[in-house]
Amino acid sequence: MASKRNRTTRVTELADPAADRIARRLAAWYRQNARDLPWRLPPGSRARPDPYRVWLSEVMLQQTTVAAVLPYYRNFTARWPDVAALAAAPDAEIMAAWAGLGYYARARNLLKCARIVAGPLEGRFPDTLAGLLELPGIGPYTGAAIAAIAFGRPEAVVDGNVERVIARLFSIDTPLPAARPAIREHAARLTPATNPGDHAQAMMDLGATVCTPRAPRCSACPLAADCLARQRGLAETLPRRPRRKALPRRRGLVYVARRTDGALLLETRPETAMLGGMPGFPGSDWSADPAPAPPLAADWQPVPPGVQHVFTHFRLHLTVLRAEVPSGATPERGAFVLPGAFDPRSLPTLMRKVHDLALADPQGVQAAGR
Ligand code: SF4
């Protein structure tokens, strides 16, 4: 049985004395300051967290804040407490539960991955980075995080928070993304063989709560004595980033048809399109010069001011057109859905904006159709 001393020693000695000191100080800080998050175990736990919950949280956290993820994580784990339950869920239910969290390819890959794990892999996630990387939706960052946190593999986990801490700690002034190989190298050098999951989460927490993008709290930082950026007065300027280019603009048209019985015309967006697999109102392509594509003949009326939305790679302005149509209307695409069978919360954020604009005035559709 391990002695108490061994149980409280969180870090195996690293060959590099400076790296060893940094890892130990970080581990001590984490024991006092770890964020209490529902997918985690307390620091130093001898048990391992459920790989399903680690995987689910890490996929949700891709490009997304902890605060935004928390309600989704709680809802998913309440409805689908294990990977078998998630794999058995209908696609539309998962996509509806994901609505509003964004980056919808993650939800499609989540389902694909769950079905592989629950099926051919007989309910077990691979316990190595190489095995995890074989699964849909798991890239190098997510794979390293699951391998370290759920399986205790000494993989270096480098998300945006960790990138910032390392760039400052070692005063790496090469701009991103060129700095990434050096950052990864330093992160790997600091990663201990024991409790690498705690180490990874400690780095993330330090970046999220102390070594923040603006006004880092260096006086409260356990790594301040070793931090080169602090010594050089560069903390807030690192990591350096190339100047952002203005996002290109695209336009589109979207059609909100409401039948006299209140049914709305909806469609499932094509898998390969933006917001693929999610419900939405039919519309045109999104481009510099979109072609009109009404789903049925009607007296379409514009609803100013339209809808603005910013995606990672472009800004979109949608012209919203609405019409009231007779009960026998036959659309060329999509299907009419009665109000009781449709929850606007199942729409992705962009389509919810369209819904709210077009239907804000309950008389609006009718008035526009007159
Ligand atoms: Fe970040 Fe300051 Fe700590 Fe350096 S000393 S790692 S800049 S919080």
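For this chain, numbers begin at 1 and follow the sequence in order. Scope of the values below: all heavy atoms of this structure, side chains included, with no hydrogens, waters or symmetry mates.
The closest side-chain heavy-atom distance from Phe314 to Leu316 is below 4.5 Å. Counting only heavy atoms from C-beta outward, the side chains of Arg24 and Ile22 never approach each other to under 4.5 Å. When side chains are defined from C-beta on, Arg240 does not count as touching Thr174, because their heavy atoms never get closer than 4.5 Å. Arg21 places a side-chain heavy atom less than 4.5 Å from the side chain of Arg25. Side-chain contact between Leu266 and Pro279 is absent, with no heavy atoms from C-beta onward closer than 4.5 Å. The shortest side-chain heavy-atom distance between Leu135 and Leu121 falls under the 4.5 Å cut-off. Proximity of Leu206 to Trp29: side-chain heavy atoms (C-beta onward) are separated by under 4.5 Å at one or more points. Between Arg53 and Arg40, the closest side-chain pair of non-hydrogen atoms is not below 4.5 Å.
In this structure, Ile138 and Cys113 approach most closely via the heavy-atom pair CD1-SG, 4.3 Å. The heavy-atom pair separating Gly280 from Met351 by the smallest distance is CA-CG, 3.7 Å. The two atoms that bring Pro43 and Ala34 nearest to each other are CG-CB, 3.6 Å, heavy atoms only. Taking both residues in full, the closest heavy atoms of Pro216 and Ala235 are given as CG-CB, 4.1 Å, listed atom of the first, atom of the second, then distance. Of all heavy-atom pairs spanning Leu265 and Gly334, the tightest one is CD1-C, 3.8 Å. Of all non-hydrogen atoms in Pro242 and Leu176, the two that sit nearest each other are CD-O, 3.0 Å.
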Original post:
After noting the C-alpha distance and the side-chain angles of Trp39 and Leu61, does the key distance pass the side chain to side chain contact (heavy atoms under 4.5 Å, CB included) rule?
Top reply: CA-CA 11 Å; Trp39 48 85; Leu61 286 163; 3.8 Å; yes
**OP:** Under the side chain to side chain contact (heavy atoms under 4.5 Å, CB included) rule, what do Leu169 and Arg230 come out as? Steps first, then yes or no, please.
**Re:** CA-CA 8 Å; Leu169 194 53; Arg230 180 175 180 251; over 6 Å; no
**OP:** Any chance you could lay out the side chain to side chain contact (heavy atoms under 4.5 Å, CB included) test for Leu296 and Thr330, step after step, and finish with the verdict?
**Re:** CA-CA 7 Å; Leu296 75 177; Thr330 313; over 6 Å; no
Original post:
Passes ring pair (Phe, Tyr, Trp, His ring centres under 6.0 Å), Phe76 versus Tyr73? Steps please.
Top reply: CA-CA 5 Å; Phe76 267 68; Tyr73 174 84; 8.9 Å; no
**OP:** Before giving the answer on side chain to side chain contact (heavy atoms under 4.5 Å, CB included), spell out for Leu223 and Leu26 the whole-Å C-alpha distance, their side-chain angles and the decisive distance to 0.1 Å.
**Re:** CA-CA 7 Å; Leu223 312 185; Leu26 185 65; 4.3 Å; yes
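Proximity of a side-chain donor or acceptor of Ser284 to a complementary backbone N or O of Leu253 within less than 3.5 Å is detected. No donor-acceptor pair under 3.5 Å is formed between the side chain of Asn109 and the backbone N or O of Pro136. Put simply, the side chain of Arg251 never gets that close to the backbone of Ser287: no donor and acceptor are under 3.5 Å apart. In this structure, the side chain of Thr212 does not engage the main chain of Ala208 through any donor-acceptor pair within 3.5 Å. Asp343 places a side-chain N or O within donor-acceptor distance of the main-chain N or O of Arg345, the cut-off being under 3.5 Å. When atom types are taken as modelled, the side chain of Arg115 and the backbone of Ala87 share a donor-acceptor pair closer than 3.5 angstrom. With hydrogens and angles ignored, the 3.5 Å screen pairs a side-chain donor or acceptor of Arg106 with a backbone N or O of Met60. Of the possible polar contacts, none joining the Asp127 side chain to the Ala147 backbone as a donor-acceptor pair under 3.5 Å is found. Between the side chain of Arg164 and the backbone N or O of Gly207, at least one donor-acceptor pair lies under 3.5 Å.
Atom CZ of Arg249 sits in a sparse spot, with 12 or fewer heavy atoms from other residues, nucleotides or ligands closer than 6.0 Å. The number of heavy atoms from other shown groups lying within 6.0 Å of CZ (Arg333) is above 12.
At a threshold of 4.0 Å, the pair Asp356-Arg352 does not count as salt-bridged, since none of the basic side-chain nitrogens sits closer than that to a carboxylate oxygen. Here Asp173 does not pair with Arg168 in a salt bridge; the nearest charged N to carboxylate O distance is not below 4.0 Å. The pair Asp198-Arg31 fails the salt-bridge criterion, with no side-chain N (NZ, NE, NH1 or NH2) lying under 4.0 Å from an Asp/Glu carboxylate O. Between Glu93 and Arg79, at least one side-chain N (NZ, or NE/NH1/NH2) sits under 4.0 Å from a carboxylate O, which counts as a salt bridge. The pair Arg214-Glu236 fails the salt-bridge criterion, with no side-chain N (NZ, NE, NH1 or NH2) lying under 4.0 Å from an Asp/Glu carboxylate O.
Considering CZ of Arg153 and OG1 of Thr191, their distance stands at 15.0 Å, rounded to 0.5 Å. Between the CG atom in Asp91 and the OG1 atom in Thr268 there is a gap of 10.0 Å [rounded to 0.5 Å]. Going from atom OG1 of Thr64 over to atom OH of Tyr103 covers 7.0 Å, rounded to the nearest 0.5 Å. Here Trp286 contributes atom CH2 and Leu318 contributes atom CG; the two are 6.5 Å apart, rounded to the nearest 0.5 Å. Taking CZ of Arg180 as the start and CD1 of Ile183 as the end, the distance is 7.0 Å to the nearest 0.5 Å. Summarising the geometry, atom CZ belonging to Phe281 is positioned 14.5 Å from atom OH belonging to Tyr255; distances are rounded to the nearest 0.5 Å.
In terms of hydrophobic clustering, with Ile, Leu, Val, Met, Phe, Trp and Tyr side chains grouped at heavy-atom distances under 4.5 Å, Trp80 and Ile116 are assigned to a common cluster. Hydrophobic clustering of Ile, Leu, Val, Met, Phe, Trp and Tyr side chains at less than 4.5 Å, counting indirect connections, unites Val337 with Val256. Residues Leu110 and Met274 share a single hydrophobic cluster, defined by chaining ILVMFWY side chains whose heavy atoms lie under 4.5 Å apart. No continuous path of hydrophobic side-chain contacts links Leu129 to Tyr141 [ILVMFWY only; heavy atoms under 4.5 Å]. Residues Ile166 and Leu238 do not share a hydrophobic cluster, defined by chaining ILVMFWY side chains whose heavy atoms lie under 4.5 Å apart.
Classification of the Trp55-Tyr52 ring pair by plane angle, with boundaries at 30° and 60°, yields tilted.
Inspection of the Gln62 and Thr142 side chains reveals an N or O donor paired with an N or O acceptor under 3.5 Å. Under 3.5 Å, the side chains of Ser171 and Arg232 contain a donor-acceptor pair of N or O atoms. Side chains of Asn161 and Glu163: a donor-acceptor N/O pair is absent below 3.5 angstrom, by distance only.
The only member of Pro196, Pro49, Pro51, Ser57 that meets side-chain contact (heavy atoms from CB on, under 4.5 Å) when paired with Ile149 is Pro49.
Residue pairs satisfying the ring pair (Phe, Tyr, Trp, His ring centres under 6.0 Å) criterion with at least one member in residues 156-183, sequence neighbours excluded, are listed as follows: Phe170-His186.
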